[in-house]
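Inspection log for the structure reproduced underneath, given as C-alpha coordinates.
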Amino acid sequence: MSSLRIVKKNKSYSVYHDDSYIGFIYKKDFKDLAIRFSEEGEFFIEDTSPETIEDIKALIIRRAFDKAVGYATVSECSSGIIRNKLRMKYYPDYAIDACIEMMYDYNYINDERFVESYTRCYLNSKSRYLIERELETKGIDLSDKKHILDEVYAEIELSDEDIIASLVERKFRGQDLNDEKVRRRVVSFLIRHGFTFDKINNYLT
(Lines give C-alpha, C1' and ligand atoms only; values in the text may rest on other atoms or scores of the structure.)
Protein backbone atom coordinates (compact mmCIF):
# COMPACT_ATOMS: atom_id res chain seq x y z
CA MET A 1 0.00 0.00 0.00
CA SER A 2 1.09 3.57 -0.72
CA SER A 3 0.04 7.04 0.32
CA LEU A 4 -1.29 9.92 -1.76
CA ARG A 5 -0.86 13.60 -1.05
CA ILE A 6 -3.54 15.78 -2.64
CA VAL A 7 -2.96 19.51 -3.04
CA LYS A 8 -5.70 21.85 -4.27
CA LYS A 9 -4.59 24.10 -7.13
CA ASN A 10 -7.28 26.42 -8.44
CA LYS A 11 -9.98 24.10 -9.84
CA SER A 12 -7.80 20.98 -9.97
CA TYR A 13 -6.03 18.78 -7.44
CA SER A 14 -2.36 17.86 -7.84
CA VAL A 15 -1.70 14.24 -6.89
CA TYR A 16 1.58 13.04 -5.38
CA HIS A 17 2.31 9.35 -4.96
CA ASP A 18 4.90 8.88 -2.22
CA ASP A 19 5.94 12.52 -2.87
CA SER A 20 6.31 12.01 -6.65
CA TYR A 21 3.97 14.13 -8.80
CA ILE A 22 1.73 11.93 -10.95
CA GLY A 23 -0.62 14.55 -12.38
CA PHE A 24 -3.82 16.38 -11.57
CA ILE A 25 -7.48 15.43 -11.28
CA TYR A 26 -10.75 17.25 -10.64
CA LYS A 27 -13.29 17.14 -7.84
CA LYS A 28 -15.69 14.95 -9.79
CA ASP A 29 -12.94 12.36 -10.30
CA PHE A 30 -12.72 11.44 -6.64
CA LYS A 31 -16.08 9.65 -6.74
CA ASP A 32 -15.28 7.87 -10.00
CA LEU A 33 -11.93 6.74 -8.61
CA ALA A 34 -13.50 5.75 -5.28
CA ILE A 35 -11.02 7.78 -3.24
CA ARG A 36 -11.77 10.05 -0.32
CA PHE A 37 -12.27 13.75 -0.97
CA SER A 38 -11.57 16.54 1.51
CA GLU A 39 -12.32 20.25 1.30
CA GLU A 40 -8.92 20.97 2.83
CA GLY A 41 -6.27 22.59 0.69
CA GLU A 42 -3.95 19.66 1.30
CA PHE A 43 -4.79 16.21 2.57
CA PHE A 44 -3.43 12.66 2.60
CA ILE A 45 -4.92 9.34 1.62
CA GLU A 46 -3.14 6.47 3.33
CA ASP A 47 -3.00 2.82 2.25
CA THR A 48 -3.84 3.45 -1.38
CA SER A 49 -3.86 0.26 -3.47
CA PRO A 50 -1.65 -0.15 -6.57
CA GLU A 51 -4.83 -0.58 -8.62
CA THR A 52 -6.06 2.87 -7.57
CA ILE A 53 -2.71 4.42 -8.48
CA GLU A 54 -2.90 2.81 -11.90
CA ASP A 55 -6.49 4.03 -12.35
CA ILE A 56 -5.40 7.60 -11.58
CA LYS A 57 -2.50 7.37 -14.02
CA ALA A 58 -4.73 5.91 -16.73
CA LEU A 59 -7.17 8.79 -16.29
CA ILE A 60 -4.36 11.34 -16.57
CA ILE A 61 -2.99 9.66 -19.71
CA ARG A 62 -6.45 9.70 -21.33
CA ARG A 63 -6.82 13.39 -20.58
CA ALA A 64 -3.36 14.15 -21.94
CA PHE A 65 -4.24 12.25 -25.12
CA ASP A 66 -7.53 14.11 -25.54
CA LYS A 67 -5.73 17.42 -25.08
CA ALA A 68 -3.05 16.44 -27.60
CA VAL A 69 -5.62 15.34 -30.18
CA GLY A 70 -7.21 18.77 -29.83
CA TYR A 71 -3.88 20.40 -30.65
CA ALA A 72 -3.28 18.10 -33.62
CA THR A 73 -6.69 18.72 -35.16
CA VAL A 74 -6.07 22.48 -35.21
CA SER A 75 -2.69 22.29 -36.94
CA GLU A 76 0.01 19.78 -37.87
CA CYS A 77 2.12 19.01 -34.79
CA SER A 78 5.41 17.28 -34.09
CA SER A 79 6.13 15.22 -31.00
CA GLY A 80 8.22 18.11 -29.65
CA ILE A 81 5.36 20.57 -30.02
CA ILE A 82 2.95 18.19 -28.29
CA ARG A 83 5.44 17.51 -25.52
CA ASN A 84 6.01 21.21 -24.83
CA LYS A 85 2.29 22.03 -24.89
CA LEU A 86 1.45 19.22 -22.45
CA ARG A 87 4.29 20.18 -20.12
CA MET A 88 2.91 23.70 -20.02
CA LYS A 89 -0.38 22.15 -18.88
CA TYR A 90 1.45 20.32 -16.07
CA TYR A 91 1.08 16.80 -17.40
CA PRO A 92 3.84 14.50 -16.06
CA ASP A 93 6.42 12.92 -18.35
CA TYR A 94 5.07 9.35 -18.08
CA ALA A 95 1.67 10.57 -19.33
CA ILE A 96 3.25 12.63 -22.11
CA ASP A 97 5.38 9.69 -23.28
CA ALA A 98 2.36 7.38 -23.37
CA CYS A 99 0.29 10.04 -25.11
CA ILE A 100 2.87 10.63 -27.85
CA GLU A 101 3.17 6.90 -28.49
CA MET A 102 -0.60 6.74 -28.93
CA MET A 103 -0.51 9.79 -31.22
CA TYR A 104 1.94 8.00 -33.51
CA ASP A 105 -0.14 4.80 -33.41
CA TYR A 106 -3.29 6.68 -34.50
CA ASN A 107 -1.35 8.78 -37.06
CA TYR A 108 -2.17 12.07 -35.34
CA ILE A 109 1.60 12.62 -35.39
CA ASN A 110 3.51 11.84 -38.58
CA ASP A 111 7.04 13.21 -38.76
CA GLU A 112 7.29 12.99 -42.56
CA ARG A 113 4.01 14.82 -42.98
CA PHE A 114 5.07 17.47 -40.47
CA VAL A 115 8.42 18.06 -42.21
CA GLU A 116 6.67 18.63 -45.54
CA SER A 117 4.00 20.88 -44.05
CA TYR A 118 6.47 22.97 -42.04
CA THR A 119 8.83 23.36 -45.00
CA ARG A 120 6.06 24.49 -47.34
CA CYS A 121 4.82 26.96 -44.73
CA TYR A 122 8.18 28.70 -44.19
CA LEU A 123 10.28 28.18 -47.30
CA ASN A 124 9.32 31.62 -48.63
CA SER A 125 10.49 33.41 -45.48
CA LYS A 126 13.37 31.42 -43.99
CA SER A 127 16.55 29.78 -45.17
CA ARG A 128 16.64 26.03 -45.51
CA TYR A 129 19.29 25.94 -42.79
CA LEU A 130 16.98 27.72 -40.34
CA ILE A 131 14.04 25.51 -41.26
CA GLU A 132 16.12 22.42 -40.56
CA ARG A 133 17.30 23.76 -37.19
CA GLU A 134 13.74 24.65 -36.20
CA LEU A 135 12.49 21.20 -37.18
CA GLU A 136 15.13 19.66 -34.93
CA THR A 137 14.05 21.85 -32.00
CA LYS A 138 10.52 20.52 -32.53
CA GLY A 139 11.66 16.95 -31.95
CA ILE A 140 12.22 15.90 -35.55
CA ASP A 141 15.16 13.62 -36.41
CA LEU A 142 16.18 14.76 -39.88
CA SER A 143 18.81 12.07 -40.44
CA ASP A 144 16.50 10.16 -42.78
CA LYS A 145 14.07 12.93 -43.75
CA LYS A 146 16.13 15.53 -45.61
CA HIS A 147 14.95 14.02 -48.88
CA ILE A 148 11.51 15.45 -48.04
CA LEU A 149 12.95 18.98 -48.01
CA ASP A 150 14.85 18.20 -51.22
CA GLU A 151 11.61 17.19 -52.93
CA VAL A 152 9.73 20.29 -51.74
CA TYR A 153 12.48 22.69 -52.84
CA ALA A 154 12.81 20.90 -56.18
CA GLU A 155 9.08 21.14 -56.76
CA ILE A 156 8.89 24.85 -55.88
CA GLU A 157 12.19 25.58 -57.69
CA LEU A 158 13.31 28.15 -55.12
CA SER A 159 16.88 28.76 -54.02
CA ASP A 160 18.02 30.72 -50.95
CA GLU A 161 19.06 33.49 -53.36
CA ASP A 162 15.51 33.66 -54.73
CA ILE A 163 14.08 33.85 -51.22
CA ILE A 164 16.52 36.59 -50.19
CA ALA A 165 15.54 38.68 -53.20
CA SER A 166 11.84 38.22 -52.49
CA LEU A 167 12.20 39.08 -48.78
CA VAL A 168 14.22 42.21 -49.45
CA GLU A 169 11.78 43.34 -52.12
CA ARG A 170 8.83 42.95 -49.73
CA LYS A 171 10.52 44.42 -46.65
CA PHE A 172 12.70 47.18 -48.12
CA ARG A 173 10.87 48.14 -51.29
CA GLY A 174 11.73 51.69 -52.36
CA GLN A 175 14.68 52.02 -49.98
CA ASP A 176 18.21 52.70 -51.17
CA LEU A 177 20.22 49.54 -50.60
CA ASN A 178 23.40 51.52 -51.13
CA ASP A 179 22.66 53.53 -47.98
CA GLU A 180 24.82 52.12 -45.17
CA LYS A 181 22.05 52.25 -42.55
CA VAL A 182 19.63 50.48 -44.86
CA ARG A 183 22.23 47.84 -45.72
CA ARG A 184 22.85 47.14 -42.02
CA ARG A 185 19.12 46.67 -41.48
CA VAL A 186 18.93 44.38 -44.48
CA VAL A 187 21.84 42.27 -43.22
CA SER A 188 20.37 41.99 -39.72
CA PHE A 189 16.96 41.11 -41.13
CA LEU A 190 18.32 38.35 -43.37
CA ILE A 191 20.54 36.90 -40.64
CA ARG A 192 17.46 36.56 -38.40
CA HIS A 193 15.87 34.57 -41.22
CA GLY A 194 18.79 32.17 -41.26
CA PHE A 195 20.83 33.26 -44.26
CA THR A 196 24.63 33.22 -44.26
CA PHE A 197 26.84 36.29 -44.67
CA ASP A 198 28.16 34.90 -47.96
CA LYS A 199 24.72 34.67 -49.54
CA ILE A 200 23.68 38.05 -48.16
CA ASN A 201 26.84 39.71 -49.47
CA ASN A 202 26.40 38.03 -52.85
CA TYR A 203 22.97 39.58 -53.09
CA LEU A 204 24.05 43.03 -51.98
CA THR A 205 27.09 43.24 -54.28
Side-chain angles (χ1 to χ4, degrees), residues 21 23-24 60-173 183-205:
Y21 176 68
F24 60 90
I60 292 166
I61 290 171
R62 287 199 303 274
R63 288 213 172 117
F65 179 72
D66 289 344
K67 180 69 71 173
V69 168
Y71 296 139
T73 54
V74 172
S75 62
E76 194 74 54
C77 291
S78 68
S79 61
I81 290 174
I82 294 293
R83 187 176 296 278
N84 288 338
K85 285 180 176 291
L86 292 179
R87 279 178 174 164
M88 290 176 66
K89 295 295 183 181
Y90 302 105
Y91 285 97
D93 284 344
Y94 78 85
I96 296 174
D97 291 341
C99 166
I100 288 175
E101 184 175 344
M102 293 166 65
M103 295 285 284
Y104 276 117
D105 289 343
Y106 288 103
N107 204 34
Y108 284 109
I109 295 176
N110 181 298
D111 288 345
E112 289 77 12
R113 191 174 65 215
F114 181 80
V115 169
E116 180 178 355
S117 174
Y118 194 87
T119 302
R120 289 186 184 279
C121 182
Y122 291 106
L123 61 80
N124 285 306
S125 60
K126 298 179 181 180
S127 71
R128 174 166 174 164
Y129 172 82
L130 183 57
I131 289 173
E132 290 183 3
R133 299 292 77 75
E134 290 179 345
L135 284 168
E136 289 174 341
T137 65
K138 295 178 187 303
I140 300 296
D141 180 2
L142 287 177
S143 59
D144 60 347
K145 298 179 182 64
K146 289 191 177 182
H147 68 281
I148 300 173
L149 286 89
D150 292 338
E151 292 168 1
V152 172
Y153 276 91
E155 175 189 335
I156 303 300
E157 296 184 343
L158 270 181
S159 66
D160 274 356
E161 288 75 12
D162 295 328
I163 299 167
I164 287 173
S166 176
L167 285 172
V168 173
E169 172 63 21
R170 295 201 305 266
K171 181 73 173 179
F172 298 94
R173 179 180 297 173
R183 289 174 71 88
R184 283 201 297 268
R185 291 203 302 272
V186 170
V187 171
S188 297
F189 172 75
L190 292 174
I191 287 174
R192 291 197 299 273
H193 285 73
F195 297 99
T196 64
F197 279 111
D198 286 345
K199 290 184 177 180
I200 296 171
N201 287 332
N202 286 341
Y203 173 79
L204 291 175
T205 56

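- Summarising the local packing, OH of Tyr106 is surrounded by 12 or fewer heavy atoms from other residues, nucleotides or ligands at distances under 6.0 Å.
- For Glu157, the salt bridge (Lys or Arg N to Asp or Glu O under 4.0 Å) test picks out no residue, with sequence neighbours left out.
- Evaluation of the side-chain hydrogen bond (donor to acceptor under 3.5 Å, both in side chains) test over residues 74-87, restricted to residues two or more places apart or in two chains, returns Glu76-Arg113, Arg83-Asp97, Arg87-Asp93.
- No more than 12 heavy-atom neighbours from other residues, nucleotides or ligands sit within 6.0 angstrom of CD on Glu101.
- The two residues Thr119 and Leu149 come nearest to each other via the heavy atoms OG1-CG, 3.6 Å.
- The shortest distance between side-chain heavy atoms of Tyr108 and Ile82 does not fall below 4.5 Å.
- The ring pair (Phe, Tyr, Trp, His ring centres under 6.0 Å) check on Phe172 picks up Phe189, with sequence neighbours excluded.
- With sequence neighbours left out, Asp162 forms a salt bridge (Lys or Arg N to Asp or Glu O under 4.0 Å) with no residue at all.
- Residue pairs meeting the side-chain hydrogen bond (donor to acceptor under 3.5 Å, both in side chains) criterion with at least one member in residues 135-146, sequence neighbours excluded: Arg133-Glu136, Asp141-Ser143.
- Residue pairs satisfying the ring-ring contact (aromatic ring centres under 6.0 Å, His included) criterion with at least one member in residues 73-99, sequence neighbours excluded, are listed as follows: Phe24-Tyr91.
- Taking every heavy atom of both residues into account, Ile200 and Ile164 meet most closely at N-CD1, 4.4 Å.
- Listed by chain and residue number, Glu169 satisfy the salt bridge (Lys or Arg N to Asp or Glu O under 4.0 Å) test with Arg173 (two or more places apart in sequence, or in another chain).
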Trace of the side-chain hydrogen bond (donor to acceptor under 3.5 Å, both in side chains) decision for Arg184 with Ser188: CA-CA 6 Å; Arg184 283 201 297 268; Ser188 297; over 6 Å; no
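- Residues Ile163 and Ser125 come closest through the heavy atom pair CG2-N, 4.2 Å.
- For residues 196-205, the pairs satisfying side-chain hydrogen bond (donor to acceptor under 3.5 Å, both in side chains) are Asp160-Lys199, with sequence neighbours left out.
- With sequence neighbours excluded, no residue satisfies ring pair (Phe, Tyr, Trp, His ring centres under 6.0 Å) with Tyr104.
- Taking CG of Leu130 as the reference point, atom CG of Leu135 lies at 9.5 Å (rounded to 0.5 Å).
- For the pair Leu204/Val168, no side-chain contact is recorded, criterion being any heavy-atom separation below 4.5 Å from C-beta on.
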Can I get a per-line list of side-chain donor-acceptor pairs under 3.5 Å for residues 62-70, giving both atom names and the distance, sequence neighbours left out?
unit_1, atom_1, unit_2, atom_2, d
Arg63, NH1, Asp29, OD2, 2.7
Arg63, NH2, Asp29, OD1, 2.8
Arg63, NH2, Asp29, OD2, 3.2

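- For residues 122-163, the ring-ring contact (aromatic ring centres under 6.0 Å, His included) pairs, not counting sequence neighbours, are Tyr118-Tyr122.
- Partners of Glu151 under the salt bridge (Lys or Arg N to Asp or Glu O under 4.0 Å) rule, at least two apart in sequence or in another chain, do not exist in this structure.
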